[in-house]
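As structure tokens, the structure follows; a few thoughts come after it.
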Protein chains: 2
Amino acid sequence: MAADSSQKWILMTTAQTPTNIAVIKYWGKRDEALILAVNDSISVTLDPQHLCTTTTVAVSPMFQSDRMWLNGKEISLSGGRYQNCLREIRSRASKIEDEKKGIKITKKDWEKLHVHIASYNNFPTAAGLASSAAGFACLVFSLAKLMNVQEDQGKLSAIARQGSGSACRSLYGGFVKWVMGNEENGSDSIAVQLQDEKHWDELVIIIAVVSSRQKETSSTSGMRDSVETSLLLQHRAKEVVPKRIIEMEEAIKNRDFPSFARLTCADSNQFHAVCLDTSPPIFYMNDTSHRIISCVEKWNRSEGTPQVAYTFDAGPNAVLIARDRKVAANLLQRLLYYFPPHSDTDLNSYVIGDKSILGDVGVEEMKDVEALPPPPETKDQIPAQKQRGAVSYFICTRPGKGPVLLSDESQALLNPESGLPK
Amino acid sequence: MAADSSQKWILMTTAQTPTNIAVIKYWGKRDEALILAVNDSISVTLDPQHLCTTTTVAVSPMFQSDRMWLNGKEISLSGGRYQNCLREIRSRASKIEDEKKGIKITKKDWEKLHVHIASYNNFPTAAGLASSAAGFACLVFSLAKLMNVQEDQGKLSAIARQGSGSACRSLYGGFVKWVMGNEENGSDSIAVQLQDEKHWDELVIIIAVVSSRQKETSSTSGMRDSVETSLLLQHRAKEVVPKRIIEMEEAIKNRDFPSFARLTCADSNQFHAVCLDTSPPIFYMNDTSHRIISCVEKWNRSEGTPQVAYTFDAGPNAVLIARDRKVAANLLQRLLYYFPPHSDTDLNSYVIGDKSILGDVGVEEMKDVEALPPPPETKDQIPAQKQRGAVSYFICTRPGKGPVLLSDESQALLNPESGLPK
């Protein structure tokens, strides 16, 4: 039988899962252990080509314990969140039989078999780009495939939710709603896809990774403090968000960019307002974040109708959503004008992701950045001050697809012979 | 009769009025023209020795029109707010008879007599230190004395309120409540003194005037935008503030510093949260403001009970209220450690107001500032980064008295012969 360590086989699955950015924010849990939110939230899934987690999970009678490596470094799996995900998936595992390889795993075997997990982010983990959302989504998705779990994507999302709340939204592409649910056990607190990634494919997303000297409050402890001390949070959760969720679903369905932008910006600002109303107050945005907002607000006003939406998570990075590619080029031009890199920076590492937008801006090398003209909406004002080095780099991307299996074994992160990281 | 321009007399009054800082904030009008607030507010009057407006008002049959000079520069009186104050005071003027000087002014004469007004702030006007509050309070107070208005201080506060909302609170010393009132005409929207300045005289106030590159949103347009767009403002005004007002009155009455500090900080943060929840969002605090808050919060936490309260108005300046003089010295030491001046700064212009606190800190010259040890609460952490030049200067002051008449004619700002600025 499978749990006999004399058997040498290793069964492996590799998957890729996107990260996501909330446009109606999740902030506050009603149940800390199960990770149940105080309100619904809606997110856009980001193209995994530019921001994703790849995870290989393997099982073998040879493995002595559950182990995990993140970006090549072994990390502990003893945390409750990992344990919750592993337990929930294991309890739903089904039998597997592969006569050719001589593998036979019964439902009971799964309780004793150990797993090896290797996970890798194709973006800097420390940059505050919701790596835990993609990470837990990928862990749950790949384990479910490995263990032949027969649950639908919604059920899997409820398991990923127990790793990291926003992870449930990374189980779908396009536009995703996390329904907070009513059940005490969290069974109806799941993600559902509102629209797939092809529904509104004009949108272009530029992320400004903002330099910061401040150590940030983790979102887990931050939202706990907000729930306990903010007198505005419950009003937001009960009175404001439910209406916004309805309006946002409509805006997405109708590809109504002005409404989408208005709701996205207002909800980001209100989330940060609740952080500020927390005791002690939480500051995720800094002066650079504020300047990016001011720049977008001024431009949107000068155009008469919103061209760009902004949203900020638990950190200073700006996620900017442009209504189309032409607007995105204009946006990148403004961003490079206001936030040029330090002189020793390589343009190739300053604008990453879909670099083709740089061509639309007419920027090929650093001297082109320096030669950019001031945006017309600043014309009759004191020349806008440039903030050199305030942004670390920009990532150009778009809404993207949900989790996928990578069948090509060369993309696996674990060695098929040893079950250890390649 | 008085309105006969052949008469050469000039009748003059000079008064001094303090500024004030709200500890429960006023943000939002229910009536723009009358300046009626959406909630009660409570303030501390600041010692006029360090922050005040001096105003001389004069009347003479020789004056051809109402004129005003602010800090030596003539300004227009055509604005509605000035006109409201002038009209309200004039309509309440009483007759004056001074046989010795040959002055006789009937109630009717006041309608035709023109006034000259000269006003001077003993602090930088551009520093965002509520100069309009002291200014309108002083204008109304001095005009009322000049015109022999027989109304009590509460009625005068309702007139000052029509110049600048927070001005009504500058008509008293100590701790002052602006009662929002219910009447449509604003007659019951007045300031009342909760406690005089002697009631809690241990408190010491240090103001950090924070350097800023940003042009700030005026509080008038900012609060209009908040009323129109913030979904949190009404909840704050109706549900949160009324309870806080009761708690704050109790805290002040009982000289309960922990409650006073908790309420002051929470209300400042909530006011800025509402600003952030406004569309477009308003940012009054900057990274330096945030760092000052973090420094105070960390210290308060390390002491187990609050030592210092912070509050920020419509700008980045921090108003820090220390529970006593010993704490104030410890606070100033921390502030000078974290925010040393540029090397070419004169200590004498970097710490102004009640400089005697510098002696308690053991700082006599700039090299003493550089030699300050890091605060103990940062000991087991990465050495805190110093932010040289982030603060322009500090003002050391305390709670202070209300408006006073200056009878010494040498302190008048208008020439007694010409009625023009000295």
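Note: hydrogens, waters and symmetry copies are ignored here, and every other heavy atom, side chains too, is used. Residue numbers begin at 1 in each chain, while the letters A, B, ... track the order of the sequences.
A:R301 touches chain B through its side chain: at least one heavy atom from C-beta onward sits under 4.5 Å away, while N, CA, C and O do not. Both the backbone and the side chain of B:L231 come within less than 4.5 Å of a heavy atom in chain A. Contacts between A:E297 and chain B at a heavy-atom distance below 4.5 Å involve the side chain alone, from C-beta outward.
Cation-pi contact between B:K386 and B:Y337: present, with separation from the ring centre below 6.0 Å and deviation from the ring axis of at most 45°.
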Fill in: From CA spacing to verdict: ring pair (Phe, Tyr, Trp, His ring centres under 6.0 Å), B:Y350, B:F394
CA-CA 6 Å; B:Y350 197 59; B:F394 296 101; 5.4 Å; yes
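A donor-acceptor pair shorter than 3.5 Å can be found between the side chains of A:S226 and A:T278.
Under the salt bridge (charged side-chain N to carboxylate O under 4.0 Å, His left out) test applied with B:D267, the options B:K243, B:R244, B:K25 reduce to a single match, B:R244.
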